[in-house]
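The structure appears right after this line, and notes come after that.
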Amino acid sequence: MSEDTIAGTLDALAGLLPEHLLNPKAAIVCGSGLSTLASSLRDVVEVPYSALQGFGKSTVPGHKSVLAFGLLGPGAGVPVVAMLGRFHAYEGHPLSTVVYPIRVFAKLGVQNIIITNAAGALNPNLPVGTIVAIHDHLAIPNMAGALNPLFGPLRSPDHVRFLPLSDAYSPRLRRLLFRAAHAEQLPEAALAEGTYAWVSGPTYETPAEGRFLRAAGADVVGMSTVPEVLAAREEGMDVLVLSLVTNAVVIPETYRSIKAEVEAELAGRPVVQPPPAVVSHEEVLAVGKQKAEVMKSLVARVLSMLD
Ligand SMILES: O=P(O)(O)O[C@H]1O[C@H](CO)[C@@H](O)[C@H]1O
């Protein structure tokens with residue numbers, strides 16, 4: 001996306017927003033079913049993506065296409081911008097569009113970004129409903145091909161060509177998060193730490209893919225977030241990622257054997273069939289809805305703790 005496009009977006013925002021909302025201190029990206037994370041903002045000005053050049057349109061249920069600018073917390077409040085609806089590569093958006101809002105946030109002066117998502121659990125110790133503070137990632141599309149949003153000419157002499165990622169997930173923000181969870185009296189098991197595997201989607205994982213990702217060290221899997229993290233880090237922001245476990249990815253130790261079942265049928269022996277386990281986006285959205293309040297208080301508490 002060209003500098004002219006970004007300048008056009010910034011001009012449009014300057015015309016739509018009051019002065020006190022124009023330089024947000026922090027940004028929130030709301031994952032599938034998590035748009036209500038922004039509902040504790042005050043003085044809200046909503047800007048539809050359609051009013052901003054460079055922005056795409058979210059086409060996935062559970063994602064609106066709106067930027068919400070507002071104030072969070074007591075007193076004068078902290079100016080915050082929330083992205084209600086993100087872009088995924090599988091929708092057909094180029095990665096430059098997927099990360100475009102992050103580029104805009106950087107120009108607005110955002111220093112801290114909280115990125116949320118819905119994800120499937122690979123780690124059997126993470127039940128549905130657990131919030132996972134991401135501390136590392138496996139970017140499968142980056143490792144397998146050309147799906148890296150940082151491909152292309154260096155954006156400016158101030159950007160880094162070879163971006164280190166060993167510290168991509170801010171220890172400072174994660175520390176604030178666990179302190180916030182304590183202040184919110186969250187049960188200890190409600191908030192875990194883990195590694196996110198980014199896959200391109202839109203297919204959910206086969207059992208063998210789930211087993212592969214787990215063996216490679218991932219705790220949860222999803223189809224978003226990592227491109228945003230890469231762009232945010234390239235722009236020098238501090239990043240906190242929260243995954244909400246919405247379903248378990250089935251990783252069977254052994255497969256159901258159709259051969260054994262047919263042999264049992266033919267020999268007149270009883271056949272025990274495992275129940276089918278099929279994930280759906282409706283299930284993902286339902287868990288998001290159930291857990292949105294907890295996520296919201298946690299995110300608001302972290303933002304109130306920023307200095
Ligand atoms: O990562 P978010 O946008 O929360 O959405 C997750 O939910 C969708 C699948 O149900 C995929 O888009 C996956 O990435």
Side-chain angles (χ1 to χ4, degrees), residues 27-38 49 55-68 82-95 97-102 113-122 126 128-134 136-142 147 149 169 194-206 209-210 213 218-232 239-250 277-296 298-299:
I28 308 169
V29 180
C30 302
S32 283
L34 296 170
S35 286
T36 50
L37 291 184
Y49 294 169
F55 274 69
K57 183 173 171 17
S58 306
T59 62
V60 182
H63 291 260
K64 295 185 187 173
S65 284
V66 164
L67 281 185
M83 223 180 130
L84 312 188
R86 60 152 54 92
F87 311 122
H88 306 84
Y90 66 73
E91 295 172 76
H93 297 297
L95 283 175
T97 301
V98 172
V99 302
Y100 183 71
I102 310 295
I113 185 162
I114 303 184
I115 302 177
T116 66
N117 61 59
L122 300 160
L126 298 175
V128 167
T130 311
I131 299 168
V132 185
I134 299 303
D136 204 349
H137 73 229
L138 285 171
I140 304 296
N142 288 180
L147 266 184
Y169 298 87
T195 295
Y196 181 91
W198 173 42
V199 294
S200 73
T203 41
Y204 289 112
E205 295 64 46
T206 64
E209 286 165 348
L213 294 172
D219 296 290
V220 290
V221 54
M223 308 170 195
S224 70
T225 298
V226 168
E228 296 152 6
V229 170
L230 299 185
V239 175
L240 177 67
V241 172
L242 299 180
S243 290
L244 173 65
V245 174
T246 53
N247 58 284
V249 176
V250 179
V278 178
V279 59
S280 71
H281 190 58
E282 288 67 36
E283 178 186 345
V284 167
L285 293 182
V287 178
K289 206 168 170 188
Q290 278 164 28
K291 287 285 162 181
E293 276 304 307
V294 182
M295 293 275 279
K296 187 170 88 181
L298 204 51
V299 166

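Order of listing sets the numbers, starting from 1, for every ligand and every atom in it.
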Taking distance alone, with no angle check, do His88 and ligand 1 share an N/O pair under 3.5 Å? yes
**Asked** Under 30°, 30 to 60°, or over 60°: which ring-plane class applies to Tyr49 and Phe55, parallel, tilted or perpendicular?
**Response** tilted
| said: Counting only nitrogen or oxygen atoms and a 3.5 angstrom limit, does Ser32 reach ligand 1? | reply: yes
Contact check: Gly222 vs ligand 1, nitrogen or oxygen atoms, below 3.5 angstrom: no
A side-chain contact here means heavy atoms from C-beta on lying under 4.5 Å apart; do Asn117 and Arg86 qualify?
yes
The reported gap from CD in Glu209 to CD1 in Ile140 (rounded to nearest 0.5 angstrom) is 10.0 Å
In ligand 1, the atoms that come under 4.0 Å of a heavy atom of Tyr204 are 9 (C), 10 (O)
Near Gly31 (heavy-atom distance under 4.0 Å), the atoms of ligand 1 are 4 (O)
### Polar atom proximity, Asn117 to ligand 1 (N or O, under 3.5 Å)
no
* Asked: Any side-chain heavy atom of Met83 sitting closer than 4.5 Å to one from Leu67?
  -> yes
Run the numbers on Leu122 and Asp219 for side chain to side chain contact (heavy atoms under 4.5 Å, CB included), then give the verdict.
CA-CA 5 Å; Leu122 300 160; Asp219 296 290; 5.8 Å; no
Is it the case that ligand 1 has an N or O less than 3.5 angstrom from some N or O of Tyr90? yes
For Glu283, the side chain to side chain contact (heavy atoms under 4.5 Å, CB included) test, sequence neighbours excluded, returns Asn247, Val279, Ser280
Arg86 heavy atoms within 4.0 Å reach ligand 1 at atoms 1 (O), 2 (P), 3 (O), 4 (O)
Ligand 1 atoms nearer than 4.0 angstrom to some heavy atom of His281 are 7 (O), 8 (C), 9 (C), 10 (O)
With heavy atoms and a 4.0 Å threshold, my read on which part of Val284 contacts ligand 1 is side chain
Using the benzene-type ring in the case of Trp, are the ring centres of Tyr196 and Tyr169 under 6.0 Å apart? no
